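Residue numbers start from 1 in every chain, and the chains themselves are labelled A, B, ... in the order their sequence lines are given, proteins ahead of strands. If you're wondering where the values come from, they're calculated on a predicted model, not measured in any experiment.
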Protein chains: 2
Amino acid sequence: MSEEPTVIADGEAVGTGTLGKAMAVLEAVVMADGPQRFTDILARSGQPRGTLHRLLSHLVEEGLLVQRRDLCYEPGLRLLTLAYRSWSGNRFRDVAEPHLRSLHELTGETVHLGILRETEIVYVDKVESRQTVRMSSQIGKASPAYCTGIGKAALSLLPQLELERLVAGMAFHAFTPHTHRSAESLLAEIADIRRDGHAFDREEHEIEIRCVAAPIRVSGSDLTAGISVTGPAYRVSMEQLIAWSGAVRTAAAAIGEEAAIRLGPGRGGP
Amino acid sequence: MSEEPTVIADGEAVGTGTLGKAMAVLEAVVMADGPQRFTDILARSGQPRGTLHRLLSHLVEEGLLVQRRDLCYEPGLRLLTLAYRSWSGNRFRDVAEPHLRSLHELTGETVHLGILRETEIVYVDKVESRQTVRMSSQIGKASPAYCTGIGKAALSLLPQLELERLVAGMAFHAFTPHTHRSAESLLAEIADIRRDGHAFDREEHEIEIRCVAAPIRVSGSDLTAGISVTGPAYRVSMEQLIAWSGAVRTAAAAIGEEAAIRLGPGRGGP
DNA sequence: AATCAAGTTCCACATATCGGAACAAAGAAA
DNA sequence: TTTCTTTGTTCCGATATGTGGAACTTGATT
């Protein structure tokens, strides 16, 4: 619900040769709101007509897109299948899962696992109580790092130089009145997070939603991640979050250590 | 658990030009069991060294693969994100969802929604009771059509010629003692399914698992799909499945009609 | 009929890909 | 240590592929 208007002006130089262009077009279609006509994509992608047409044909042949009878393009099923395999084969998630569960047992609230990718957090797993909501609703979702608990926690692990590089590239969109609006305030909070070992989301991404998060570092790997406990403001006070912060830090540390062992030595067991 | 040994000998002529090769390599890595070394992929993909190396670099640059410190390649997060968008933006699933829920209310067992892609069924949604199991465990999973209820139901909607073309390309792997072993027996059952309007899975894919399924046809679209109610044999008798078959057919028909309306006229509402 | 827009096809040209072979780096054996 | 072997990376000329402007359908609208 807190989605930007996003006109997606394709930004700067498109990616790696041919594949880069194909992926840019694919993304333009997938990230759009509904089925896309040829002309829509033409405008959005900036590619010349002939080129675009060929790219789309290839994407359809590969099953990454589907062309409907009315000529609209939609995401194809192959994406789902690829993602299914890469998710169910993800060992890091596998290691983390029991810890997410026990954190959920303890708190009764929703627990997330997220991985930092550049300037965004990608949610990789989730344990929640009431399954009235769509089940895997968030898996694969990417949110800005600067306004999420996990995001800020993960950022706090980066070397200062790297951090500053990333922050420089952020566009601070004000999702709520509490969202960080500048690099300075974000960097200041990250300094605190480094000291405390945990981060809060004080209704910064979505109003009425709070969380407490802790960063995960896996020695020997360069992935940066985090976990969080999230709840609605009416049920979860800041005091409550502070009370949980120790458990969250402990769980995060445990995941980090276990992952370092199970992910390190080659491609290990089952 | 019922996985083939699959040495994936890349089959015949690789796909559409450059993109096709890239996707073949990507798939080789994603479908493999664990992190893959360069040499593993070299053997599996059949590409020459130089070419493969460049392809892998590009896939990494695009975020479709990740190269770890130990040089192993793994699926990248971008796949998850793409799949998240294409799943949550899928209107067909959206239309079907309430029907899946009410079918679940009625039966108390797990309900699946699947779409036919060539000779496989791809699971697109799932409603289950106990969430002790991994939540979205099946979304995106592809199973052979000939040994699943939804698969056989969906096949029954195809024109005979198309059906025979597909069946000709199937390799009948015997997952259980009850799995179809030949085109003849499959085609015979499909004739029955056309007559009855529903299909059963009599422990054909996994032992101790049964289901009843009905096909979904969406007029004006060329997608072929199905829904099923699945349960463990000890709890769900064949008589029980027969008793549910009417409700399953009704739900399938309702989904088909509603989808025809909501998917037809352009790119519709919210 | 005439007009306009959307989508598809064509083809001379440029360039990204191809893939063998040489090169570097890291282990394993001697 | 030195030598041998295995694994990963880089190079570069030949050429297949992709490029993109323009011409050509198709079909809706006036």
Side-chain angles (χ1 to χ4, degrees), chain A residues 10 12-29 32-62 64-74 76 220-222 264-268, chain B residues 10 12-29 32-62 64-74 76 220-222 264-268:
Chain A
D10 133 22
E12 50 270 0
V14 253
T16 316
T18 309
L19 179 63
K21 275 180 197 158
M23 291 306 298
V25 170
L26 175 61
E27 188 136 332
V29 176
D33 286 324
Q36 295 289 103
R37 310 180 78 69
F38 181 85
T39 318
D40 300 329
I41 309 170
L42 186 62
R44 197 183 300 259
S45 72
Q47 298 287 342
R49 301 168 76 82
T51 303
L52 180 63
H53 192 264
R54 182 175 34 77
L55 284 174
L56 287 170
S57 307
H58 287 177
L59 287 166
V60 168
E61 280 179 73
E62 286 300 322
L64 297 168
L65 291 179
V66 176
Q67 185 166 28
R68 314 190 310 184
R69 289 240 196 92
D70 64 357
L71 304 184
C72 278
Y73 292 90
E74 281 182 331
S221 160
D222 36 7
R267 40 236 176 93
Chain B
D10 134 21
E12 50 270 2
V14 253
T16 316
T18 310
L19 180 62
K21 275 179 197 158
M23 291 305 299
V25 170
L26 175 60
E27 189 137 331
V29 175
D33 285 324
Q36 295 288 104
R37 310 177 78 66
F38 181 84
T39 318
D40 299 330
I41 309 171
L42 186 62
R44 196 183 303 258
S45 72
Q47 298 287 345
R49 300 168 77 83
T51 303
L52 179 65
H53 192 263
R54 180 177 34 79
L55 285 174
L56 287 170
S57 307
H58 288 176
L59 287 167
V60 169
E61 280 178 72
E62 286 300 323
L64 297 169
L65 291 179
V66 175
Q67 185 166 28
R68 312 190 312 183
R69 290 240 195 89
D70 64 357
L71 304 184
C72 278
Y73 292 90
E74 279 182 333
S221 160
D222 36 7
R267 42 239 179 91

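Remark: P of D:dT17 and CG of B:Leu55 are 13 Å apart, rounded to the nearest angstrom. B:Leu42 places its CG atom 12 Å from the C1' atom of C:dG19, with the value rounded to the nearest Å. Atom CZ of B:Arg37 is separated from atom P of C:dA26 by 13 Å (rounded to the nearest Å). One interatomic measurement links the two molecules: CG of A:Leu56 to C1' of C:dG7, which rounds to 11 Å at whole-angstrom precision. Look at CG on A:Leu52: it is 14 Å from C1' on D:dG18, rounded to the nearest Å. Following rounding to the nearest Å, B:Phe38 (CZ) and C:dA26 (P) show an atom-to-atom distance of 16 Å. Distance CG (B:Leu19) to P (C:dA16): 17 Å, rounded to an integer number of Å. Separating the CZ atom of A:Arg54 from the C1' atom of C:dC13 is a distance of 14 Å, rounded to the nearest angstrom.
Of the two residues contacting DNA chain C, namely A:Gln67 and B:Thr51, the nearest-nucleotide position lying further toward the 5' end is that of A:Gln67.
Looking at B:Arg49, its side chain never comes within 3.5 Å of a backbone N or O of B:Leu42 through a donor-acceptor pair.
Side-chain contact between A:Leu26 and A:Leu65 is present, with at least one heavy-atom pair separated by less than 4.5 Å. Here the side chains of A:Val60 and A:Tyr73 are in contact, with some heavy-atom distance below 4.5 Å.
Across all their heavy atoms, B:Leu71 and B:Gln67 have their closest contact at O-NE2, 3.4 Å. The minimum heavy-atom distance between A:Val25 and A:Ser45, with the atom names listed, is CG2-CB, 4.4 Å. Taking each heavy atom of A:Glu62 and B:Gly20 in turn, the nearest pair found is OE2-CA, 3.2 Å. Residues B:Glu74 and B:Pro35 come closest through the heavy atom pair OE2-CG, 3.7 Å.
Checking D:dT9, D:dG20, C:dG19 against every side-chain atom of B:Pro48, the shortest atom distance belongs to C:dG19. For A:His53, whose side chain is taken as the heavy atoms from C-beta onward, the closest listed nucleotide among D:dT7, D:dT9, C:dT9 is C:dT9.
Inter-axis angle, ends of the helix from C:dA1-D:dT30 to C:dA30-D:dT1, five pairs per end, rounded to 10 degrees: 30°.
The phosphate of D:dT17 (OP1 or OP2) has no side-chain N or O of B:Thr18 nearer than 4.0 angstrom. Under 4.0 angstrom from either OP1 or OP2 of D:dT19 there lies at least one side-chain N or O belonging to A:Lys21.
Contact of B:Arg49 with D:dG8 (side chain to base): a donor-acceptor pair of N or O atoms is detected under 3.5 Å.
Contacts of A:Leu71 with the nucleic acid, taken as non-hydrogen atoms under 4.0 Å apart, involve only primed sugar atoms and P, OP1 or OP2.
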